[in-house]
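Notes to accompany the following structure.
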Amino acid sequence: MTDSITIDRPDDWHLHVRDGEMLERVVPFTASRFGRALIMPNLNPPVRNVTQALKYRSQILDSVPSNTTFDPKMSLYLTDSTTVADVVEASQSEHIAGFKLYPAGATTNSDSGVTKILGVMPILEAMSEHGVVLQVHGEVTDKHVDIFDREAVFIDQILLPLSREIPQLKIVLEHITTREGVDFVQSAGPQIAGTITPQHLLYNRNEIFRGGIRPHAFCLPVLKREAHRQALMEAATQGNPSFFLGTDSAPHIRGAKQSECGCAGIFSANAAIEIYAEIFASVDKLHMLEGFSSHHGADFYDVKRNTETITLINQMHTLPTKIDGANKNADDDLIPLMAGHQLSWMLQL
Ligand code: DOR
Ligand code: ZN
């Protein structure tokens, strides 16, 4: 059994950190593990332009521990009123790594999202022209489409036509959850990639109903059948450069998750790289972790690979059952992914 593994410092290409106290609580976890993270813009109100993103970025940097280098890359929220000038400005900032397309109503804080894809075609053309990446929440919002089919239908109805119409546009299908998502990315050219979360590698949809209803296993896109999980496992661990790490770590306080209408999102930043290591090790693919975590995303986004390294040691430890907020009120806790579980891979800090 390997005792330790050293890899180039990984990047998290899909991360939610919110703002205010929550931001201060969660950013240090990511900054101590990852060299960069792509910060999602679904605040309320959303982060729509470069000025707003740079202000948000400096708030994030204020929460990075002083002995740590961490470079947040920002995604801007695409709306019906995004302009070509917004795109051009974004293309000129090294801190901006793309625009996020949320179909309006698809998920948490997506009300300002795009209502009709046809309405933003000129903006997407401009993104293609200026080499700006489109990050996509790939689910249709039609309430008549079964929640478990929303990704597959989005690929058919929106993504395939879009990628034919604007073939040079760089697209990341975020948090893919289905075999259809894997197939779409695999059969497309190098301009199209997919991120994969730890929860979609760990669990199938049974987890949401294991012994009762489990609000902390609810995220969007929702967990799918076992066959889809297996397709994701293969995609992540086979060394294909089109797939890379994006945790979609999304902190919501316990009070908001354990409620009559619990919100979507799984928090994993406190042990993200350790959990991916555990997942890769479980199928004897630890040697594939570095490509997925540290190289493929940087190469796709055309940024230098990180030069520092991290070391994971093979040492059993127990993950925390909760992460306290400032006032230690139970409602304000975060319940992380794999709360209270044992892990055999530990980050050497
Ligand atoms: O589960 C999710 N949580 N999915 C998303 O798309 C958004 C995220 C959040 O912001 O909490
Ligand atoms: Zn997300």
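All ligand and atom numbering here is 1-based and tracks the order in the structure.
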Presence of N, O or S from Asp248 under 2.8 Å of the Zn ion (ligand 2): yes
Relative to each other, are the rings of [X] and [Y] parallel, tilted or perpendicular (30° and 60° limits)?
{"X": "Phe280", "Y": "Phe292", "answer": "tilted"}
{"X": "His14", "Y": "His175", "answer": "tilted"}
{"X": "Tyr77", "Y": "Tyr102", "answer": "tilted"}
{"X": "Phe29", "Y": "Phe267", "answer": "perpendicular"}

Near [X], which atoms of ligand 1 are under 4.0 Å from a heavy atom of that residue?
{"X": "Gly265", "answer": "1 (O), 2 (C), 3 (N)"}
{"X": "His137", "answer": "6 (O)"}
{"X": "Ala250", "answer": "3 (N), 8 (C), 9 (C), 11 (O)"}
{"X": "Cys219", "answer": "1 (O)"}

Hey, is ligand 1 close enough to [X] that some N/O pair sits below 3.5 Å?
{"X": "Pro221", "answer": "no"}
{"X": "Leu220", "answer": "yes"}
{"X": "Thr107", "answer": "yes"}

Contact check, Glu174 vs ligand 1, heavy-atom distance below 4.0 Å: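 Glu174 does not count as a contact of ligand 1 under the 4.0 Å cut-off.
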Arg18 near ligand 1 by a heavy-atom separation under 4.0 Å: yes
Nearest-neighbour protein heavy atom for atom 10 (O) of ligand 1, which is reported as residue plus atom name and distance: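 For this ligand atom, the closest protein heavy atom is Asn42 ND2, 2.8 Å.
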Protein contact to atom 3 (N) of ligand 1 [nearest heavy atom, distance to 0.1 Å]: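 Sorting protein heavy atoms by distance from atom 3 (N) of ligand 1 puts Ala264 O, 3.1 Å first.
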Ligand 1-proximal atoms of His252, by part, heavy-atom distance under 4.0 Å: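 The part of His252 near ligand 1 is the side chain, not the backbone.
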At the Zn ion (ligand 2): angle between His14 atom NE2 and His16 atom NE2, to 10 degrees: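 His14 NE2 and His16 NE2 form an angle of 110° at the Zn ion (ligand 2).
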Evaluate whether atom [atom1] of [X] has more than 12 neighbouring non-hydrogen atoms of other residues, nucleotides or ligands under 6.0 angstrom away.
{"X": "Arg205", "atom1": "CZ", "answer": "yes"}
{"X": "Arg179", "atom1": "CZ", "answer": "no"}
{"X": "Lys143", "atom1": "NZ", "answer": "yes"}
{"X": "Glu21", "atom1": "CD", "answer": "yes"}

Arg305/Asp299 salt bridge by N-O under 4.0 Å criterion: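 Yes, charged N to carboxylate O under 4.0 Å.
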